[in-house]
Amino acid sequence: MVTGECSSGTIRTTFAAVPHRGTVFAAKATLVAAVMYVLTLLSCSTAYVVGDATLPEGRYAQGDPLPALFGIAASFAVAAVLGLAVGTLVRHSAGAVTTVIGLLLLPSLFGPLFGNAERWIAGLSPTAALEKLTQTSDAAADTVGSLGLWPSLLLVAAGTADVSLAALLLLGRRDV
């Protein structure tokens with residue numbers, strides 16, 4: 001959404017058409033979040049229906065699908081906005097992808113190295129919120145923290161809002 005425009009120089013045209021950079025960033029964030037939310041909700045709903053139809057009855061415990069489906073879609077939308085914000089900060093596609101993958105996966109990967117602090121470190125990861133929302137057996141309190149699923153998602157959204165604010169501030173000060 002933004003790194004391609006920065007590398008090709010078309011971001012200049014975008015800012016010439018809409019000089020207020022905050023409006024451009026807000027429009028991009030709204031679009032990427034909405035598209036990701038709808039696509040994820042449709043995909044997860046389809047996967048749930050197909051899984052429910054194909055899995056043997058009573059063999060696997062099912063969680064409550066409705067809040068989980070909406071939360072998973074929101075989690076992916078938040079991750080998409082995080083990618084937009086990091087892309088705005090870094091202005092390079094490979095660097096942005098690497099950074100976002102690191103932000104998503106490294107807390108879960110390195111959490112076990114910190115012993116008793118694992119639940120605090122891994123619990124801050126966006127993947128921990130996703131594990132809680134999908135109601136997976138891997139989402140034990142000792143590995144992903146004891147914070148509930150919705151507060152966990154709100155914590156990830158707050159972190160994304162912080163990165164987005166930093167990107168917005170830098171976007172207003174930086175030359176294109």
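All values below were derived from every heavy atom in this structure, side-chain atoms included, with hydrogens, water molecules and symmetry-related copies excluded. Bear in mind the structure is a predicted one, so any value in this text is a computation, not a measurement. For this chain, numbers begin at 1 and follow the sequence in order.
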Check your understanding: With hydrophobic residues grouped by side-chain heavy-atom distances under 4.5 Å, do Y48 and L66 end up in a single group?
Key -> no
Review point. How far apart are the closest heavy atoms of F110 and F114, and which atoms are they?
Key: O-CD1, 3.1 Å
Check your understanding: Between F76 and L39, is any pair of side-chain heavy atoms under 4.5 Å apart?
Key -> no
Review point. Should L31 and V24 be regarded as members of a common hydrophobic cluster, given that ILVMFWY residues are connected when their side-chain heavy atoms come within less than 4.5 Å of each other, either directly or indirectly?
Key: yes
Point to revise | Distance, nearest 0.5 Å, that separates CH2 of W150 from CG of L155 | key: 14.5 Å
Review point. Would a distance-only check, ignoring hydrogens and angles, find a side-chain to backbone donor-acceptor pair under 3.5 Å from T40 to Y37?
Key: no
Practice item. Check whether M36 and V38 end up in the same hydrophobic cluster, where Ile, Leu, Val, Met, Phe, Trp and Tyr are linked by side-chain heavy atoms less than 4.5 Å apart. Key: no
Point to revise | K28/E5 ion pair, N-O < 4.0 Å | key: yes
Exercise for review: Return the minimal non-hydrogen interatomic distance between T3 and S93, and the atom names on each side.
Suggested key: OG1-OG, 2.8 Å
Study note, to complete from the structure: Tightest non-hydrogen contact, residues L42 and T46, listed as O-OG1, 2.8 Å
Check your understanding: Do any N or O atoms from the side chain of R91 and from the backbone of C6 form a donor-acceptor pair under 3.5 angstrom?
Key -> no
Study note, to complete from the structure: Rounded to the nearest 0.5 angstrom, the CD1-CG distance for I72 and L41 is 9.5 Å
Check your understanding: V35 and L84: same hydrophobic cluster, using ILVMFWY side-chain contacts below 4.5 Å?
Key -> yes
Practice item. List the atom of S45, the atom of L69, and the distance in Å for their closest heavy-atom pair. Key: OG-CD1, 3.8 Å
Practice item. Begin with the C-alpha distance, continue with both residues' side-chain angles, and end with the deciding distance and a verdict on side chain to side chain contact (heavy atoms under 4.5 Å, CB included) for T88 and M1. Key: CA-CA 9 Å; T88 303; M1 290 289 296; over 6 Å; no
Review point. Knowing that exactly one of V163, V86, V32, T30 qualifies, which makes a side chain to side chain contact (heavy atoms under 4.5 Å, CB included) with V81?
Key: V32
**Study point:** Closest contact, heavy atoms only, A129 versus V156
**Key:** CB-CG2, 4.2 Å
Practice item. Evaluate side chain to side chain contact (heavy atoms under 4.5 Å, CB included) for T14 paired with V18, printing each intermediate quantity in order. Key: CA-CA 6 Å; T14 302; V18 182; 5.6 Å; no
Practice item. For the pair S164 and T160, evaluate side chain to side chain contact (heavy atoms under 4.5 Å, CB included) and give the outcome as yes or no after the intermediate values. Key: CA-CA 6 Å; S164 296; T160 298; 4.2 Å; yes
Check your understanding: Backbone N or O of G71 within a donor-acceptor pair of the S75 side chain at under 3.5 Å?
Key -> no
Exercise for review: For residues L168 and G22, report the shortest heavy-atom separation together with the two atoms involved.
Suggested key: CD1-CA, 3.4 Å
Check your understanding: Given the rule that I, L, V, M, F, W and Y join up when any side-chain heavy atoms are under 4.5 Å apart, are L103 and L170 in one cluster?
Key -> yes
Check your understanding: Is there a donor-acceptor pair under 3.5 Å between the side chain of R174 and the backbone N or O of L89?
Key -> yes
